[in-house]
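Working notes, beginning with the structure itself.
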Amino acid sequence: MGQALAERFAEARDTFAEADDTLGFGLSGLAWEGPEEVLTATENAQPALFVHSVAAYRVVRARIGTVAGAAGHSLGELSAHAAAGTYSFADGLRAVRRRGQLMARAGEETPGTMAAILGLGVDRVDELCREAERQGHTLVAANLNADGQVVVSGDVWGISWVATAAKSRGARRIMPLKVSAAFHSPLMGPAAEQFAAALNGIRFRRPSFPVVSNVTARAVDDPDRIRELLVRQLTAPVRWIECVEALRSLGASRFAELGPGKVLAGLNRRNARGIPTLALGTPGSIESLEQRT
């Protein structure tokens, strides 16, 4: 994870080295060598994702021209703000590490999980969530990813129940997610309260380009408001469809996904039809970009 990028580009190599110094342990070695079960622990996975995304941005920022705006899916929103200079890389990384620790602890104290529902619209999923709530359980639409793809989050019973109930309402497929807790649900309330305290110790600035909030699906530039929304994000849904629409309204003529994987680029086949989207997280993808330009 990020190793090839660091081997090829000094900007990425320096970013991982800075991360190791900031956290006081070898995050780069963990990201590059594992073991996987340690890397995928929430408190480690989140900072590793953050560093990879920022490293990719630092490599490509001189190659992609003017940034019309940015958004990040869940944790990615914190990476987007780091790229925009809303806070320093070191402050952002420490906050992300703390975020992961708090979310993992909340999952241990109140077990929960998540599942993707394919083939049902948001309204139908909301109906299922209200039905689960009437039965005394927590279930919410947590990630509004694309038309016909909604991720629900809640207590273990709620996710088990919806796996059957959604199929009876016409869902094409239910995919349990490998997560440690019910992210973006009320079960993250304790983590949000403590995360607010962590962010209060960080200096926030106005971002150098618009960054769209997961909570409001609008660009926000007031530092205090950004801090508030990053806390609310832990318990609020990720309104990703609307986030992409907001970027389009800001004048985006192409999209670049920065970090590991191509999940968001895949979602853009539905969310941003007709607009080119590149996944730029590997040396090959960045060298391909250079050839295009």
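The first residue of the sequence shown is numbered 1, and numbering continues consecutively from there.
Proximity of Pro176 to Ile159: side-chain heavy atoms (C-beta onward) are nowhere separated by under 4.5 Å. The side-chain heavy atoms of Arg225 and Thr216, taken from C-beta on, include a pair separated by under 4.5 Å. Contact of the Phe209 side chain with the Thr66 side chain is not registered, since no non-hydrogen atoms from C-beta on lie closer than 4.5 Å. A 4.5 Å side-chain heavy-atom check between Ile226 and Pro207 finds at least one atom pair inside the cut-off.
Among residues two or more places apart in sequence or in another chain, the side chain to side chain donor-acceptor pair (under 3.5 Å) test is passed with Asp222 by none. A search for side-chain contact (heavy atoms from CB on, under 4.5 Å) contacts involving Ala197 returns nothing, not counting sequence neighbours. The side-chain contact (heavy atoms from CB on, under 4.5 Å) test applied to Arg94 returns Thr22, Ala90, Asp91, not counting sequence neighbours. Partners of Phe195 according to the ring-ring contact (aromatic ring centres under 6.0 Å, His included) rule, which considers only residues two or more places apart in sequence or in another chain, do not exist here. In this structure, the ring-ring contact (aromatic ring centres under 6.0 Å, His included) partners of Phe16, at least two apart in sequence or on a different chain, are Trp32.
Panel note: side chain Arg254, backbone Ile275; no donor-acceptor pair is recorded below 3.5 Å. Listed for the Ser213 side chain is no donor-acceptor partner under 3.5 Å among the backbone atoms of Arg218. Checking side-chain atoms of Arg227 against main-chain N and O of Ile202 turns up a donor-acceptor pair under 3.5 Å. With hydrogens and angles ignored, the 3.5 Å screen pairs no side-chain donor or acceptor of Ser288 with any backbone N or O of Gly284. Between the side chain of Thr40 and the backbone N or O of Glu36, at least one donor-acceptor pair lies under 3.5 Å.
Residue Leu27 is tested with Asp21, Leu39, Asp20 for a side chain to side chain contact (heavy atoms under 4.5 Å, CB included); the sole match is Asp20.
The two residues Ala279 and Gly261 make their nearest non-hydrogen contact at CB-O, 4.0 Å. Listed here is the closest heavy atom pair of Leu234 and Leu230: CD1-O, 3.5 Å. The shortest heavy-atom contact between Ala163 and Ile174 is O-CG1, 3.6 Å. Smallest separation of non-hydrogen atoms from Arg269 and Arg273: O-CG, 3.1 Å. Among all heavy-atom pairs drawn from Ala80 and Ala71, the shortest one is CB-C, 4.3 Å. In this structure, Leu199 and Ala95 approach most closely via the heavy-atom pair CD2-CB, 3.9 Å.
How far CD of Gln46 is from CG of Leu78: 8.5 Å, rounded to the nearest 0.5 Å. In this structure, Ser180 OG and Glu43 CD are separated by 8.0 Å, a value rounded to the nearest 0.5 Å. For the atom pair CG of Leu75 and OG of Ser53, the computed distance is 7.0 Å after rounding to the nearest 0.5 Å. Expressed to the nearest 0.5 Å, how far OG1 of Thr235 lies from CD of Glu193 amounts to 10.0 Å. Here CG of Asn271 is found 9.5 Å from CG of Leu264. Values are rounded to the nearest 0.5 Å. Interatomic distance, Lys167 NZ to Arg173 CZ, rounded to the nearest 0.5 Å: 9.5 Å.
Residue pairs meeting the ring-ring contact (aromatic ring centres under 6.0 Å, His included) criterion with at least one member in residues 248-273, sequence neighbours excluded, do not occur. Screening residues 195-217 for salt bridge (charged side-chain N to carboxylate O under 4.0 Å, His left out), with sequence neighbours left out, gives Arg206-Asp221. Sorted by first and then second residue, the ring-ring contact (aromatic ring centres under 6.0 Å, His included) pairs involving residues 262-287 (not counting sequence neighbours) form an empty list.
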Donor-acceptor contacts under 3.5 Å from residues 102-127 side chains, at least two apart:
residue, atom, partner, partner atom, Å
Arg105, NH1, Gln194, OE1, 3.3
Arg124, NH2, Arg169, O, 3.2

N/O donor-acceptor pairs under 3.5 Å from side chains in residues 237-253, not counting sequence neighbours:
residue, atom, partner, partner atom, Å
Arg239, NE, Glu242, OE2, 2.8
Arg239, NH1, Val215, O, 2.9
Arg239, NH2, Glu242, OE1, 2.7
Arg239, NH2, Glu242, OE2, 3.4
Ser249, OG, Ala246, O, 2.6

If you look only at distance, which donor and acceptor atoms sit under 3.5 Å apart when one is on a side chain in residues 183-191 and the other is two or more places apart or in another chain?
residue, atom, partner, partner atom, Å
His184, ND1, Gln233, O, 2.7
His184, ND1, Ala236, O, 3.1
His184, NE2, Ser74, OG, 2.7
Ser185, OG, Ala182, O, 2.8
Ser185, OG, Leu187, N, 3.1

Could you go through residues 137-151 and list every donor-acceptor pair under 3.5 Å that involves a side-chain atom there, pairing it with any protein atom two or more places apart or in another chain?
residue, atom, partner, partner atom, Å
His137, ND1, Asp155, OD2, 3.4
Asn145, OD1, His73, NE2, 2.8
Asn145, ND2, Gln149, OE1, 3.1

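Tracing side-chain contacts under 4.5 Å through hydrophobic residues (I, L, V, M, F, W, Y), one never reaches Val54 starting from Val263; they form parts of separate clusters. Cluster annotation: Val152 and Trp157 are assigned to the same hydrophobic cluster (Ile/Leu/Val/Met/Phe/Trp/Tyr, side-chain heavy-atom contacts under 4.5 Å, transitive). Note: the hydrophobic cluster containing Leu267 does not contain Leu49 (ILVMFWY, side chain heavy atoms under 4.5 Å, direct or indirect links). Taken together through direct or relayed side-chain contacts under 4.5 Å among Ile, Leu, Val, Met, Phe, Trp and Tyr, Tyr87 and Val51 form part of one hydrophobic cluster. The hydrophobic clustering, which links ILVMFWY residues whose side-chain heavy atoms are closer than 4.5 Å, places Val211 and Val220 apart.
The side-chain tip of Arg99 does not point at the ring of Phe50 from less than 6.0 angstrom away and within 45° of straight on.
Looking at Glu11 and Arg61, no side-chain N of the basic residue comes within less than 4.0 Å of a carboxylate O on the acidic one, giving no salt bridge.
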